[in-house]
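In what follows, a single structure is set out as structure tokens and then discussed.
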2 protein chains.
Amino acid sequence: MSGPELITNPQVQRTHQLMLDAARELLSENGPGAVTHLRVSEMSGVARATVYRHWPDRADILLDLLRGGADLHLTPPPEGIPLADRVTILLRTLATSLNGDSGRILTAMIGLAEWDEDVFAALERMRAFGPTLLRDILAAGRDDGSLVARTNIDLLMDVLIGPLFLQRLLHHAEITNAYVDDLVATTLGPCLAE
Amino acid sequence: MSGPELITNPQVQRTHQLMLDAARELLSENGPGAVTHLRVSEMSGVARATVYRHWPDRADILLDLLRGGADLHLTPPPEGIPLADRVTILLRTLATSLNGDSGRILTAMIGLAEWDEDVFAALERMRAFGPTLLRDILAAGRDDGSLVARTNIDLLMDVLIGPLFLQRLLHHAEITNAYVDDLVATTLGPCLAE
DNA sequence: ACTTGAGTGAGACAGACCGTATCATGTATG
DNA sequence: CATACATGATACGGTCTGTCTCACTCAAGT
């Protein structure tokens with residue numbers, strides 16, 4: 001149901017995907033509270049009993065969604081260009097993800113993770129991927145002398161990512177490329193070696 | 001029920017407060033999904049029908065909570081001290097609020113506001129107070145020459161506040177005074193006029 | 001102190017949702 | 001074609017929801 005067991009039966013795959021699509025739309029359109037066995041059944045056309053067979057517990061549906069759902073689609077920026085450009089490219093990609101559906105799923109995760117340890121674990125798993133890319137870029141920049149040696153990389157990461165989350169989650173504002181550019185110039189700029 | 005109509009009857013005030021306290025504990029302990037007419041009734045000892053009389057809709061309970069609930073208890077820092085110190089004091093206060101119960105309520109608000117416009121309106125109302133203090137401090141600093149003239153105050157605010165939200169909401173980490181100090185030194189430092 | 005009006009407590013009620021079980025039907029695999 | 005399994009459809013008891021009624025309590029004004 002929720003483990004990493006492979007599903008080979010095409011019939012199972014089909015219904016599972018139908019329900020998952022319906023659940024994703026419900027989450028994005030109406031929030032976590034709308035992701036119910038009944039509503040998933042109605043929206044997907046799959047029988048209600050079948051929804052229960054795939055996910056006995058309501059939270060399992062959300063967890064299955066959240067597993068790959070908040071995938072931020074981050075790709076490593078090209079090498080051989082200035083550090084600031086690499087960071088800008090990465091943050092622009094992150095901003096695009098946050099502006100889109102991933103932002104809504106992430107919002108749902110954050111709201112749920114406060115009181116559900118399973119969702120919190122899923123959130124931690126997601127966090128492990130994205131920031132690692134940024135950390136590697138900054139660490140490489142410190143090692144090759146692009147950044148001043150005393151730079152606090154963890155804090156710098158927070159300073160670069162935090163405002164994006166603030167814009168998206170609290171202010172509900174679209175994150176523009178110009179905003180990312182200003183952000184990098186303001187925060188990363190002073191840390192660059194001359 | 002939900003408007004700014006004054007309640008004078010002491011009997012009404014008493015039951016209203018009992019239910020509100022119960023609702024706040026439910027929200028803080030078990031999340032927004034737990035704030036139900038039934039559970040508020042059970043926890044407060046007030047009859048279920050009475051809970052319905054005060055808040056016909058379930059969302060009304062939450063809105064009543066959120067109205068003053070995420071109060072960040074920010075007080076203006078003293079004047080006559082360096083700008084960086086004023087900012088540090090204010091952010092430390094904000095961090096303390098976020099570490100406590102206000103952080104949980106804020107998390108709930110953010111999660112709900114994505115799909116509920118009433119909650120979003122309540123969130124906007126809350127946002128109007130806190131950041132204004134920081135903005136005034138920074139604006140005063142720019143006017144008296146503490147900050148370099150070309151400083152982007154809006155962005156600087158995001159850079160100062162964003163990491164705190166990131167720590168609290170995404171990382172579920174306690175925000176220490178040392179973190180605030182590092183944050184101010186890293187982000188505000190380069191903007192200070194020499 | 002008495003009366004009046006409003007608020008509350010307790011219980012009943014239908015309706016909807018939840019979770020499970022059953023059985024007939026449809027589908028994948030040998 | 002035969003078997004095993006997944007699904008669809010339906011039924012069931014249980015719980016939650018929202019509303020109503022009626023007796024009781026409490027805060028007013030007379």
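Letters A, B, ... mirror the listed sequences (proteins, then strands); counts begin at 1.
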| Note, A:Val159 side chain near B:Leu183 side chain (heavy atom, < 4.5 Å) | yes
| query | Within the structure, does a side-chain N or O atom of B:Thr50 lie under 4.0 Å from either OP1 or OP2 of C:dT8? | reply | no
| query | Cut-off 3.5 Å, side chains only: do B:Thr107 and B:Arg104 have a donor facing an acceptor? | reply | no
| task | Over 60° means perpendicular and under 30° means parallel, so classify the ring planes of B:His16 and B:Trp55, tilted if in between. | result | tilted
| field | Any side-chain donor near an acceptor of the partner, A:Asp21 and A:Gln17, under 3.5 Å | value | yes
| A:Leu147 and A:Leu188, any side-chain heavy atoms less than 4.5 Å apart | yes
| request: Write down the distance between CG (B:Leu18) and C1' (C:dG7), rounded to a whole number of angstrom. | output: 14 Å
| Under 30°, 30 to 60°, or over 60°: which ring-plane class applies to A:His172 and B:Phe120, parallel, tilted or perpendicular? | parallel
| query | Quick one: B:Gln17 CD to C:dG7 C1', roughly how many Å, whole number? | reply | 17 Å
Give every pair of a protein N or O atom and an N or O atom of nucleotides 16-20 of chain D that lie under 3.5 Å apart, one pair per line with the distance.
| unit_1 | atom_1 | unit_2 | atom_2 | d |
| --- | --- | --- | --- | --- |
| D:dG18 | OP2 | B:Tyr52 | OH | 3.2 |
| D:dG18 | N7 | B:Arg48 | NH1 | 3.0 |
| D:dG18 | O6 | B:Arg48 | NH2 | 2.9 |

| field | Whole angstrom value for the distance that separates C1' of D:dT7 from CE of A:Met19 | value | 10 Å
| task | Please check if any side-chain donor atom of A:Thr132 sits under 3.5 Å from a side-chain acceptor atom of A:Arg135, or the reverse. | result | no
| request: Treat primed atoms plus P, OP1 and OP2 as sugar-phosphate and everything else as base, then score nucleotides 24-30 of chain C 5' to 3': B for base contact with protein heavy atoms under 4.0 Å, S for sugar-phosphate contact only, - for none. | output: ---SSS-
| query | Does D:dT7 have OP1 or OP2 sitting under 4.0 Å from an N or O in the side chain of A:His54? | reply | yes
| field | Step-by-step side chain to side chain contact (heavy atoms under 4.5 Å, CB included) determination, A:Phe165 to B:Leu169 | value | CA-CA 10 Å; A:Phe165 277 74; B:Leu169 297 184; over 6 Å; no
| To the nearest Å, how far apart are B:Gln13 CD and C:dG7 C1'? | 13 Å
